[in-house]
Each structure stands twice: as C-alpha cells, then as structure tokens.
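Here's the structure we're looking at; comments come further down.
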Amino acid sequence: MGNVPVVPARPAVPSGVTRICVIGYSSSHNVGRAANLAAAIASAHPSAYETWFYFSNFGYKKLLESVKNEDIPDSEKTKRGNLDNEKTIGEHTTAPFVWLEKSN
C-alpha cells in the first residue's frame, strides 16, 4: 500500500532516559491527546524523557500487532490495558497505544 508511512526507527534509548512511545490513527483526537501529553512530559523533563511517535490511518493496525508481538513482554500481555474494560494489553485493538522504553 503506497499510503502507509514508513515506521521510523527507534534507536537505543539513552541511559537514564525513558522513551514514551505513542502510536495510533492520524485522524484520532484520542491519539492527539496522548501525543500532546507525552510531548508535554518530555518538554518539562528533557533529561528524563524523550518521545517516539507513529501515526497512520493505514499502517497503525499492522504496527500495533508487531509491537505487541515483538516489544511487549509476555508477562505484560495478560495485564489489563486500561480501567475502562476487561481487555488485556495483548487484546488491545484501539488507539492510541502507549508504552514506555528504558535503556538496557
């Protein structure tokens, strides 16, 4: 599909920094709110936080599945994704999807 933006690389997280990752649909106000909050946190605490974003109406679902399968530990997938419903992180299908990354 020619309309799917390329997923930007996520380089290694610098030591002592937490990366706030936000992915979702480009036309979603909920995704926009999550991105704004992540950016505000990183702006207020630049030595402690950085951000990484991916927004696409066409590529989000594919990236979401990839992130859940490759980046989220199995031990986390069975935990509830939010307080609004009983779905687990592994069952998450809506937008936004937000996770944190730290250096190893």
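From a predicted model like this one, the values you see are computed outputs, not experimental measurements.
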### Query
Just one of K62, K68, K61 clears the salt bridge (charged side-chain N to carboxylate O under 4.0 Å, His left out) bar with E65, so which one?
K68
### Summary
Sorted by chain and number, sequence neighbours left out, ring-ring contact (aromatic ring centres under 6.0 Å, His included) with F97 holds for H92, W99
#### Entry: Considering all heavy atoms, the nearest P46-S43 contact
CD-O, 3.4 Å
### Polar side-chain atom of Y25 near backbone of T94 as donor-acceptor pair, under 3.5 Å
no
### Task
Test side chain to side chain contact (heavy atoms under 4.5 Å, CB included) on R33 and L37 and set out the steps.
CA-CA 6 Å; R33 287 180 182 160; L37 179 57; over 6 Å; no
### Task
To the nearest 0.5 Å, tell me how far D71 CG sits from E76 CD.
13.0 Å
### Query
Taking all atoms of both residues into account, what is the closest heavy-atom pair of V22 and A38, and its distance?
CG2-CB, 4.0 Å
## Note on the structure
Residue pairs passing the salt bridge (Lys or Arg N to Asp or Glu O under 4.0 Å) test with at least one member in residues 91-104, sequence neighbours excluded, are R10-E101, R19-E101
### Query
Is there a side-chain contact between V67 and I72 (heavy atoms, below 4.5 Å)?
yes
### Query
OG1/T88 to CZ/R80 distance, rounded to the nearest 0.5 angstrom?
10.5 Å
#### Entry: Distance-minimising heavy-atom pair for G16 and S103
N-OG, 3.9 Å
### Query
What are the two closest heavy atoms between I41 and I20, and how far apart are they?
CG2-CD1, 3.8 Å
### Summary
Note: N30 and A95 closest approach over all heavy atoms is CB-O, 4.2 Å
### Message
Hydrophobic cluster membership, with links at side-chain heavy-atom distances under 4.5 Å among I/L/V/M/F/W/Y: are V17 and V98 in one?
### Response
no
### Task
Would you mind listing every ring-ring contact (aromatic ring centres under 6.0 Å, His included) that reaches into residues 32-54, with sequence neighbours excluded?
F53-F55
### Message
I need the minimum non-hydrogen distance between G24 and V31, along with the two atoms involved.
### Response
CA-CG2, 3.7 Å
